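This report concerns only the one structure given below.
Letters A, B, ... mirror the listed sequences (proteins, then strands); counts begin at 1. Quick caveat: nothing in here was measured; it's all calculated off a predicted structure.
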Number of protein chains: 2
Amino acid sequence: MIGIDWGTTRFRAFRIGRDGAIRDRRAGPKGILNVPDGRFGETLRDEIGPWLAAGEDKVILSGMIGSRQGWLEAPYLPCPAGPSELAGALIDIGFDWARVKLVPGLSGTDPSGVSEVMRGEETQVLGVPALLRDGGIACLPGTHSKWVRIKDGRIVGFTTHMTGEAFGALRGYTILGRTMRDGPADGPVFDAGVARSADPGGLLHHVFGVRAQALSGRLTETDAPAYLSGILIGHEVRAALAQAAGSVVQVIGAPELTALYAAAIAACGGYAERHDGEAAARGLALIAEQAQWN
Amino acid sequence: MIGIDWGTTRFRAFRIGRDGAIRDRRAGPKGILNVPDGRFGETLRDEIGPWLAAGEDKVILSGMIGSRQGWLEAPYLPCPAGPSELAGALIDIGFDWARVKLVPGLSGTDPSGVSEVMRGEETQVLGVPALLRDGGIACLPGTHSKWVRIKDGRIVGFTTHMTGEAFGALRGYTILGRTMRDGPADGPVFDAGVARSADPGGLLHHVFGVRAQALSGRLTETDAPAYLSGILIGHEVRAALAQAAGSVVQVIGAPELTALYAAAIAACGGYAERHDGEAAARGLALIAEQAQWN
């Protein structure tokens, strides 16, 4: 079968054998925002045509391709949900060269009852075997980071943190940007930012300190972005771990980003294991296995 | 004497009698950024010429006029400092029509030892008699809010919170702005935002919830700005009160803003008293009284 993680800016496809192993993969910039005039069918055929020609005829999609801006808007499936609930809620999409099914996103609430939604992260989470087996916590860092709670093989709830986007807004559109230039994302200065997030005073005070430290010469312009990033990720991780004491956190995503989060989680007293985005392939295969394809 | 609070965007002058009462006042847009080519002397004469002609000849300035972008850069005076230390550190400025002295800003540290500076807020704080008499906490809300600790008649330390500027960046340059239109700043939705800041999950999660609540129809576009403002001010106030348990907070500033902060402080279990920006006039008069004018 063919599993596709089709997001806002990226298209990633996996050809998966009967044994669940990835036999081939391709990735490119054809995220839904880069597909003109709703030509999703044509784009899909262009991207995976050779695999279809080789006889594959089951295709399963997840991610923002199921949003209003995508191919077909899939209603969110409410939590709790695992592979069998998602397999039972797949949506068929008309396509001339293969059977195509769409994984719906999930809706849920944070621990205070505030509504939350996701599209695509559910598939990555279900691709981490330890989470399905033992339950626990997954963290998917990014523009809008997700922290996902899994119990008895099902996703039970999740929270979103605007960490990546807040970093961009604070760096780009406040006084903090005046003392910043591009520099390394990790290292001792990132760790110092994470440590700073444990001090009294709160996030809004700590971020102002980026400027104070820069003006007093204790922070160089190229170190300032990593320090700000450490403060923000430190605050996110501390708040999320406070609700998940003692859990191992399964961090899923691009290696540069999961490395930063694993370091922050360790510094905040947690324990992290890292997984790359190919977790999506395993999740897609698992859902496809349980689906009705006739 | 004449006391002037000369900030980045505003110029506010007070003519003060020997009894300390304000006899006259004027305010306008001639903040330091609106004075071309360093013409501070000419601007001062234009603004207070009639009072000088009436015989006033002592002028005391505080605020960003003492910064690098101002008339003359005054070195920061280290904390702890009260009216007599500030009076002893005044800087004379050459001016043909009166004696002019400049109040230096203060430098200090937050409770973790991170450096902090202020220019102008020290004068407003010293203009609140209860703080000089009993000590306590002052809050000066704004783009960069200050929380100031006063003991035995002297400012001992302070912290800055980037609340106002973070609000602008999040509203203007993140996805949150897409579901926002101008609306009332206060009211039950602001209070709900303040209450939200007490929930688990942290600031970066709570601000994302502004979008989640808007998309799910629980928050209108015109209510969303007050809800975001409540979340941010709630986080600031909670973090600041955690270091000042049991104190009365003297909130100093424009009435619209001090009303919001007083409401948030009360909701977070504190007690607030409000003062308008004319506290600056009393602070300037107090420092002027203790200065050497010959």
Side-chain angles (χ1 to χ4, degrees), chain A residues 107 109-117 143-147 158-177 195-213 215-218 232-243, chain B residues 107 109-117 143-147 158-177 195-213 215-218 232-243:
Chain A
S107 62
T109 61
D110 78 357
S112 308
V114 172
S115 60
E116 288 273 2
V117 296
T143 307
H144 298 160
S145 298
K146 301 278 184 196
W147 288 72
F158 50 93
T159 58
T160 307
H161 300 251
M162 223 172 81
T163 310
E165 197 172 12
F167 175 85
L170 291 173
R171 178 178 177 170
Y173 301 100
T174 72
I175 198 169
L176 301 185
R196 177 64 169 148
S197 72
D199 282 343
L203 187 150
L204 294 164
H205 171 52
H206 296 157
V207 295
F208 187 77
V210 177
R211 177 163 173 83
Q213 302 269 38
L215 289 182
S216 68
R218 291 195 205 145
L232 295 177
I233 292 175
H235 272 280
E236 175 192 340
V237 165
R238 264 172 234 288
L241 286 183
Q243 301 176 258
Chain B
S107 63
T109 61
D110 77 357
S112 308
V114 172
S115 60
E116 287 273 3
V117 295
T143 306
H144 298 160
S145 298
K146 301 278 184 194
W147 288 72
F158 49 95
T159 59
T160 308
H161 300 250
M162 224 172 80
T163 310
E165 197 172 13
F167 175 86
L170 291 173
R171 178 178 177 170
Y173 302 100
T174 73
I175 199 168
L176 301 185
R196 177 64 170 148
S197 71
D199 282 343
L203 187 151
L204 294 164
H205 170 53
H206 296 156
V207 296
F208 187 77
V210 177
R211 176 163 174 83
Q213 303 268 37
L215 289 182
S216 68
R218 293 196 205 143
L232 295 177
I233 292 174
H235 272 280
E236 175 193 339
V237 164
R238 264 172 234 287
L241 286 182
Q243 302 175 257

Name the region of A:Arg196, side chain, backbone, both or neither, that has any atom closer than 4.5 Å to a heavy atom of chain B. side chain

Answer whether the closest heavy-atom distance between the side chains of B:Thr174 and A:Met162 falls below 4.5 Å. yes

Would you mind checking which part of A:Arg218 comes under 4.5 Å of any heavy atom in chain B, side chain (CB onward), backbone (N, CA, C, O), both or neither? side chain

For B:Glu165 and A:Ile175, the nearest pair of non-hydrogen atoms, with its separation, is OE2-N, 2.8 Å

Heavy-atom closest pair (A:Ser112 atom, B:Pro200 atom, distance to 0.1 Å) is OG-CD, 3.8 Å

Interface moiety of A:Ser216 toward chain B, non-hydrogen atoms closer than 4.5 Å: side chain

So which residue, A:Gly202, A:Gly172, A:Ser115, A:Ala166, ends up with the most heavy-atom pairs under 4.5 Å with chain B? A:Ser115

Heavy-atom proximity to chain A below 4.5 Å, by part of B:Arg211: neither

Tell me, for A:Glu236 versus chain B, whether the close heavy atoms (under 4.5 Å) come from the side chain, the backbone, both or neither. both

Greatest number of heavy atom pairs closer than 4.5 Å to chain B - which of A:Thr160, A:Leu215, A:Val114, A:Thr143: A:Thr160

Please classify the contact of A:Glu116 with chain B as side chain, backbone, both or neither, using a heavy-atom distance under 4.5 Å. side chain

Separation between NE2 of B:His144 and NE2 of A:His205, rounded to the nearest 0.5 Å: 13.0 Å

Under a 4.5 Å cutoff for heavy-atom pairs, which residue among B:Ala240, B:Gly201, B:Gly168, B:Ala239 has the most contacts with chain A? B:Gly201

One should read off an interatomic distance between A:Leu204 CG and B:Phe167 CZ, to the nearest 0.5 angstrom, of 12.5 Å

Using non-hydrogen atoms and a 4.5 Å limit, figure out which bit of A:Ala212 sits close to chain B: side chain, backbone, both or neither. both

